[in-house]
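The sequence lines fix the lettering, A, B, ..., with proteins before strands; numbering per chain opens at 1.
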Protein chains: 2
Amino acid sequence: MADGNALDGLTQALRRLPGVGAKSAARMAFHLLQHDTQGALEIARALEHAVNHVRHCTQCNTLTEQEVCVTCQNPQRDRSKLCVVETPADQAAMERTLAYKGLYFVLMGKLSPLDGIGPQDIGLQQLFDRVAPRDAAGQLQPAQLHEVQEVILATNFTAEGEATAHVIAQGLKSRGVQVTRLARGVPVGSELEYVDLGTIAHALVDRR
Amino acid sequence: MADGNALDGLTQALRRLPGVGAKSAARMAFHLLQHDTQGALEIARALEHAVNHVRHCTQCNTLTEQEVCVTCQNPQRDRSKLCVVETPADQAAMERTLAYKGLYFVLMGKLSPLDGIGPQDIGLQQLFDRVAPRDAAGQLQPAQLHEVQEVILATNFTAEGEATAHVIAQGLKSRGVQVTRLARGVPVGSELEYVDLGTIAHALVDRR
């Protein structure tokens, strides 16, 4: 290896990207410096701009540049439904279905005791306060006064996502809020022979 | 997806990294903004620093911050041997073997007609001038006056790497320079049963 402290430094820095190891980072650094310095500067500017301007929407907790994000501001949205997702990418997947017109709450993570991520590390309290607000005297509003009438849990169907959904469901039901979960079942276009048994069992139980 | 123009902009910018698609870029952007803004700023600074400070070594063409890189400056190096590699990563692999004490020439690419990369796009002319320099009258020096007595071709054993090695060998032999190529053969630790036929055939022809 030549000296290239700047090259080594860049390689080290790029390893902080998730899913990028030593070889990928070296390949990225080489590519950018040899073939795409314009791209390198563009990435640098985008990173700085994003870090300095992006913050959390006060309504739905997603990343935005405004106080309240565009989705939450949209008057066309059904404000009586609130879909809880883990990340902005999950929200984007829901949006692409064009099947949902309500609002969102983005947890920005999931409960993960093994990684030391508890209820206080994701937006659970903010979610509870949003759905079941307290009046001036600090008392919980009766459920019929809630703006949000249904909370749809759309966390991932992984162990952590299911645990997160369970904790949210417990907390909201104790506050008198209607909570639903995305249906588990056989994916569209799949053949039963190749679907895992747990999915078929769930699809059988949830048959309609 | 929320608005987040800065988030979208960052995701778009990260897609310029080699091997990073839309989903990886979105995951990287989310990770950096949610969990590692410090890392994001570090990457931005490393990119800017590298773009502004890294240039090509005038001797070996690798990326460095100095006029001549540390390897080329090292008086312990055997200046009569010159190993030609495609990238700084290949040079680093050679160095890790601790088996080579000569100098390097880094092409910073390989001939690749399908990608429109011809001899003038990689450092071929610079390599020829380095190995077989001309005197003040523009005449090629006789080979016995050359500082470099042997050029070892260590381009990759791919179609492009082999073609690159072939072109370099032709050019240097016509200038009276001794040219060798890394041996092809059976990898250390491998069982013949699982080695591809081309490799075994080469190992048989090059037996010693």
* Name the member of N52(B), T87(B), V85(B), N74(B) that forms the most heavy-atom pairs with chain A at distances under 4.5 Å. => T87(B)
* To do: For the residue pair Q125(A) and D129(A), confirm or rule out a side-chain donor-acceptor distance under 3.5 Å.
  => yes
* In terms of heavy-atom proximity below 4.5 Å to chain A, should A26(B) be classed as side chain, backbone, both, or neither? -> neither
* Asked: Are any of the side-chain nitrogens in E162(B) or R184(B) under 4.0 Å away from the carboxylate oxygens of its partner?
  -> yes
* Are a donor atom and an acceptor atom from the side chains of T11(A) and D8(A) found within less than 3.5 Å of each other? -> no
* Within residues 41-48 of chain A, which positions have a heavy-atom distance to chain B below 4.5 Å? -> L41(A), E42(A), I43(A), A44(A), A46(A), L47(A), E48(A)
* Side-chain H-bond candidate by donor/acceptor type, S80(A) with E150(A), under 3.5 Å -> no
* Do R181(B)'s NZ or CZ and the ring of F157(B) fall within the cation-pi criteria of under 6.0 Å and 45°? -> yes
* Should we say atom NE2 of H35(B) is surrounded by more than 12 heavy atoms from elsewhere, each under 6.0 Å from it? -> yes
* Asked: Between T158(B) and N156(B), is any side-chain donor less than 3.5 angstrom from a side-chain acceptor?
  -> no
* Structure fact -> If you tally heavy-atom pairs under 4.5 Å between each of R27(B), Q12(B), M28(B) and chain A, the highest tally belongs to M28(B)
* Where does V20(B) contact chain A at under 4.5 Å (heavy atoms): side chain, backbone, both or neither? -> side chain
* Out of D36(A), D90(A), V106(A), L32(A), which one racks up the most heavy-atom pairs below 4.5 Å with chain B? -> D36(A)
* Mind ranking Q34(A), R15(A), H31(A) by heavy-atom pairs under 4.5 Å with chain B and telling me who comes out on top? => Q34(A)
* Asked: Using non-hydrogen atoms only, which part of L10(B) is less than 4.5 Å away from chain A: side chain, backbone, both, or neither?
  -> both
* To do: Inspect the contact between E95(A) and R77(A) and indicate whether a charged nitrogen and a carboxylate oxygen are less than 4.0 angstrom apart.
  => yes
* To do: Before giving the answer on salt bridge (Lys or Arg N to Asp or Glu O under 4.0 Å), spell out for E147(A) and R79(A) the whole-Å C-alpha distance, their side-chain angles and the decisive distance to 0.1 Å.
  => CA-CA 7 Å; E147(A) 184 183 50; R79(A) 310 191 81 79; 3.6 Å; yes
